[in-house]
Undergrad: 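Quick one: the structure is below, and I'll ask about it shortly.
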Amino acid sequence: MGHIDPGAGERAVAEPQTKTETVTASGPEAGGKNEERRPGGIGVVGWARWFWRTLTSMRTALILLFLFALASIPGSIWPQRGVSDAKVFQYFEDSPRLAEWLDRFWLFDVFRAPWFAAIYLLLFLSLIGCVLPRTMTHLRESRRKPPAAPRNLGRLPQHASFEAPLTVEEAAARLRAKRFRVTTGPGWAAAEKGYLRESGNLLFHVALLGLLLAVGIGTLYGYRGNVLVVEGEGFANTVAAYDRYMPGQQVNAESLEPFSFTVEDFQASYIAKGEKTGQPLDFEARLKVEDAPGAPVRDYVLKVNEPLNVNGTQSYLIDHGYAPTFRITDGKGQVAFDGPVPCLVVQPANFTSECVIKVPDAQPEQLGILIGFLPTTVPVGSEWVSVFPGAANPTAQVYGAFAGDLGLKDGRPQSVYELDPDSLKKMKPLVMKADPLAVNEKLTLPGGMGSIEFTGVKEWIALQITHDPGRMPAFVASVLAVAGLVLTLTVRRRRVWVRVHDQAGQPEGESRRVDVGGLTRTEGGDFGEEFTEIVSALNPGIPNPGVKDAR
Amino acid sequence: MPVEVDAGLATLSDQLILATVLLYVFAMIAYALDLAFSRSAGAEARAAKRPALATVGATVGTGADPAAPASAQAETEEPEDRTPPAWVVRVGMVAVGLGWLGWIANLASLITRGLAVDRWPWGNMYEFVVAMCLATVGAFLLMQLRYRVRFLGAFVTVAAALCLGFAVRYLHVQAGPVVPALNSYWVAIHVSAAIVAAGLFIVAAVSGILYLIRKDTAVRLPSRQDLERVAHRAIVIGFPIWTFAVIAGALWADKAWGRYWGWDPKEVWAFITWIVYAAYLHARATAGWKGKAATIVQLVACACLLFNLVGVNIFFGGLHSYAEVP
């Protein structure tokens with residue numbers, strides 16, 4: 001960025017946006033234009049200067065802005081890791097080769113991709129390279145007095161002439177009363193106003209830098225985790241308690257806020273009749289929260305738009321489902337399993353769910369059981385379906401019960417929501433497609449393998465727990481950005497000059513000719529109205545001063 | 001949480017929206033006639049400033065210069081202006097009147113819909129498009145009070161009528177309560193801001209399209225400079241509102257989804273829209289980008305905006321997908 005020639009003050013005023021394109025090279029730094037045209041043969045410093053100048057030019061900034069927008073588009077086309085992981089997984093399942101190639105270009109991690117980072121880092125570098133010199137200029141300018149009146153005020157876009165008993169001092173005072181910055185000379189007064197425009201502009205761009213910084217802090221020092229909790233069970237905020245835990249690079253396990261809570265009860269309500277039957281109306285989970293070990297227990301009702309906040313760590317209700325309870329007695333008459341089984345929702349419209357129970361402790365053989373859960377069961381032909389998401393008539397239908405080795409011992413991690421397909425092939429099917437069990441009904445497994453009793457219905461909730469130290473800084477930065485934006489888009493920088501034509505030896509209080517000229521270089525500004533007001537303020541005696549708008 | 005829907009009010013709302021479409025169509029015809037037969041923008045602006053006189057002159061039907069008595073001063077300033085025939089002045093008045101009437105019907109439809117379901121009436125795609133049309137026409141009508149933008153009338157009203165027609169035909173869903181995620185006071189803040197900003201941006205885009213199709217010979221339309229000024233004004237007002245809408249969305253996301261920004265498709269496109277409008281504001285200050293290039297940039301931005309408001313719900317889904325596209 002070249003220096004701004006003080007004489008080019010008008011042009012600096014004229015530039016409404018960040019970059020001053022109309023910088024003039026003069027004085028000791030003259031020849032800048034030649035440098036720009038021929039970067040070759042100017043050495044490392046010349047190259048560096050050329051690069052800096054190109055980077056901080058408005059044109060580059062524009063191109064980077066477009067690139068930034070363009071680069072975000074893939075992030076909406078392809079599923080993103082961390083936003084919709086399941087869909088990414090599905091993509092790899094459906095078209096592995098394509099997915100592999102997309103992955104090579106970071107298209108499933110667009111917003112963490114190096115090429116995306118390159119664009120915004122260059123953009124922000126360009127921004128810094130522009131904002132810094134402009135801040136210096138602005139500081140200098142805001143201390144400087146308005147420039148002297150031009151010779152012929154009639155050439156300015158706004159001008160007026162009138163006869164009035166006005167002195168330069170009086171004109172200056174009236175302009176000051178209109179909050180202009182005023183300076184006077186022999187026979188003239190110069191006034192300027194609207195410095196806040198540039199202040200707002202700079203504030204806006206600095207606030208954007210602050211926002212980037214806040215987002216950075218959030219990613220480094222924040223963490224996010226998911227956990228599924230069944231009614232009656234609890235959660236303590238430790239790394240081990242999470243089903244999925246995604247810490248920032250600078251987070252250590254000890255820094256987690258040591259709160260805990262128990263889920264007393266979860267209620268979901270749905271529309272029960274009409275066209276929108278089954279649409280959820282409200283979800284609420286009653287929690288008993290302990291803010292720190294030993295702290296008094298408090299009640300909290302967790303809702304969708306009302307997260308639990310414990311010293312800046314937020315817990316959100318993001319999902320729910322059914323967890324029917326079963327008691328499984330093995331072939332030896334021992335209770336091998338007794339408790340809730342969180343089920344995956346297969347059809348969200350009516351909460352038809354699928355549950356998997358693994359009973360490694362069953363004797364003589366381990367048991368694996370697939371169960372369909374229907375909250376509101378209605379028979380349709382020889383099948384049963386759920387017609388409503390609420391648990392009006394819950395049943396559990398054993399799709400299949402298998403005996404044999406569950407394959408838990410070979411060290412490979414297994415999903416709790418499915419039976420390992422390899423092990424399943426070697427297991428012995430006991431029951432296929434049994435009739436649905438109502439609550440407290442029991443299915444006896446053939447071959448003396450035991451029984452399955454459907455003992456009740458509980459619900460589970462999925463929580464997301466986040467700690468983001470960048471939240472408040474990001475909020476403050478964006479408020480400042482909006483404030484700066486409003487200033488820069490509404491304030492106009494304008495100058496007014498007054499020339500009083502004194503006759504030699506004219507006594508005070510006698511009428512003399514006064515020329516007033518005004519100028520705003522902000523585009524789209526309608527200065528005429530305000531100028532008329534200023535002229536009337538200078539010439540209060542005459543209501544219509546006959547302002548001429550040269551436009 | 002309200003469950004009961006007032007069926008009577010909901011039906012009234014549906015009927016009002018049909019009335020709105022008709023009124024917008026008639027307003028469009030009147031605006032088009034006005035645009036085609038009024039002599040100059042100056043005369044039109046004067047006529048707009050003195051509605052009472054113009055109407056009196058027209059009803060008397062003397063055929064003499066109806067605006068003459070009060071416009072002596074204006075006439076001396078711009079003596080080359082000829083006053084349009086009386087019926088054109090009347091048609092211009094009718095256009096403005098129909099525009100306001102249509103807007104009131106549009107507003108009434110939205111209010112009755114809201115009352116019928118006892119919530120903010122922009123919980124699904126249909127309601128959102130209706131509100132957006134209201135905002136667009138509202139932005140235009142308000143600008144018309146201050147600036148000479150009546151030439152935009154035909155284009156704004158036809159766009160609104162088409163959008164409403166599309167909404168009624170393809171997007172309409174029964175009035176009813178919303179899903180719990182939308183049950184928040186943020187709906188009033190975030191969605192309203194987005195609607196208002198969209199209205200302003202659409203007015204700017206209509207002006208931008210006219211800018212591009214206006215050859216230097218097309219004398220019926222105002223000068224390119226005027227068109228540019230209208231577009232710029234609308235965007236300068238709309239941009240901070242859009243920024244606010246995005247930030248309000250982030251605040252809501254922080255309450256509802258556990259993060260203030262998560263690159264959900266809607267967020268991505270809101271971001272893209274913001275960037276491109278920012279690019280427009282920068283382009284206007286860059287040598288070589290003023291005028292046509294800047295106009296193209298703002299049209300691209302508006303395309304991004306519309307894609308975000310409508311397309312994302314249809315093509316991408318994501319967290320904003322509860323917009324209930326039927």
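Just so it is clear: chains get the letters A, B, ... in the order the sequence lines come, proteins before strands, and each one is counted from 1. In this text the structure is predicted, and so the values were computed from the model without any measurement.
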Undergrad: Step through the shown structure and confirm whether more than 12 heavy atoms of other residues, nucleotides or ligands are within 6.0 Å of OH on Y221(A).
TA: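 Atom OH in Y221(A) is not crowded, with 12 or fewer foreign heavy atoms closer than 6.0 Å.
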
Undergrad: Under a 4.5 Å cutoff for heavy-atom pairs, which residue among L251(B), T243(B), I272(B) has the most contacts with chain A?
TA: I272(B)

Undergrad: Any donor-acceptor pair under 3.5 Å linking the side chain of Q314(A) with the backbone of I465(A)?
TA: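 Looks like no, no N/O pair under 3.5 Å.
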
Undergrad: Tell me which of these, V486(A), T490(A), V479(A), I77(A), has more heavy-atom pairs under 4.5 Å with chain B than the rest.
TA: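 Top option by heavy-atom pairs under 4.5 Å: I77(A).
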
Undergrad: Report yes or no: does T488(A) contribute a side-chain atom to a donor-acceptor pair with the main-chain N or O of L485(A) at less than 3.5 Å?
TA: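 Side chain of T488(A) to backbone of L485(A), a donor-acceptor pair under 3.5 Å: no, none is there.
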
Undergrad: Measuring heavy-atom distances to chain A, does V236(B) have an atom under 4.5 Å in its side chain, in its backbone, in both, or in neither?
TA: both

Undergrad: For V187(B), does its backbone N or O pair with a side-chain atom of S184(B) as donor and acceptor, under 3.5 Å?
TA: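 Not confirmed, S184(B) side chain does not pair with V187(B) backbone.
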
Undergrad: Given 3.5 Å as the limit, does a donor-acceptor pair link the side chain of R197(A) with the main chain of R493(A), or not?
TA: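 Answer holds: no.
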
Undergrad: I'd like to know if D282(A) pairs up with K303(A) as an ion pair, taking the criterion as any Lys NZ or Arg NE/NH1/NH2 lying under 4.0 Å from an Asp or Glu carboxylate oxygen.
TA: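 Salt bridge: yes.
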
Undergrad: Measure distances from V246(B) to the heavy atoms of chain A and classify the residue's part below 4.5 Å as side chain, backbone, both or neither.
TA: neither

Undergrad: Under 4.5 Å from any heavy atom of chain B, what part of V110(A) do you find: side chain, backbone, both or neither?
TA: neither

Undergrad: Donor-acceptor check, side chain of H190(B) to backbone of G249(B), threshold 3.5 angstrom: yes or no?
TA: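 Yes.
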
Undergrad: Side-chain contact test, heavy atoms from C-beta onward, threshold under 4.5 Å: evaluate it for I318(A) versus N226(A) and give yes or no.
TA: yes

Undergrad: Heavy-atom pairs under 4.5 Å with chain A - which of C304(B), A256(B), G262(B) has more of them than the others?
TA: A256(B)

Undergrad: Go through L65(A), N309(A), V304(A), N305(A) and name the one with the most non-hydrogen pairs under 4.5 angstrom from chain B.
TA: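 Of the options given, most contacts go to N305(A).
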
Undergrad: Chain A heavy atoms under 4.5 Å from W186(B): which part of the residue, side chain, backbone, both or neither?
TA: neither

Undergrad: So for D468(A), is it side chain, backbone, both, or neither that comes closer than 4.5 Å to the heavy atoms of chain B?
TA: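 Contact with chain B is through the side chain of D468(A) alone.
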
Undergrad: Under 4.5 Å from any heavy atom of chain B, what part of I73(A) do you find: side chain, backbone, both or neither?
TA: both

Undergrad: Which atoms of W261(B) come close to chain A, meaning under 4.5 Å heavy atom to heavy atom: side chain ones, backbone ones, both, or neither?
TA: neither

Undergrad: Under 4.5 Å heavy-atom distance to chain B, tell me which part of A474(A) shows up: side chain, backbone, both or neither.
TA: side chain

Undergrad: Side chain, backbone, both or neither: which part of I237(B) has an atom under 4.5 Å from a heavy atom of chain A?
TA: neither

Undergrad: Hey, does the side chain of S207(B) reach the backbone of V203(B) with a donor-acceptor pair shorter than 3.5 angstrom?
TA: no

Undergrad: Could you tell me which portion of T466(A) (side chain, backbone, both or neither) has an atom closer than 4.5 angstrom to a non-hydrogen atom of chain B?
TA: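 Side chain only.
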
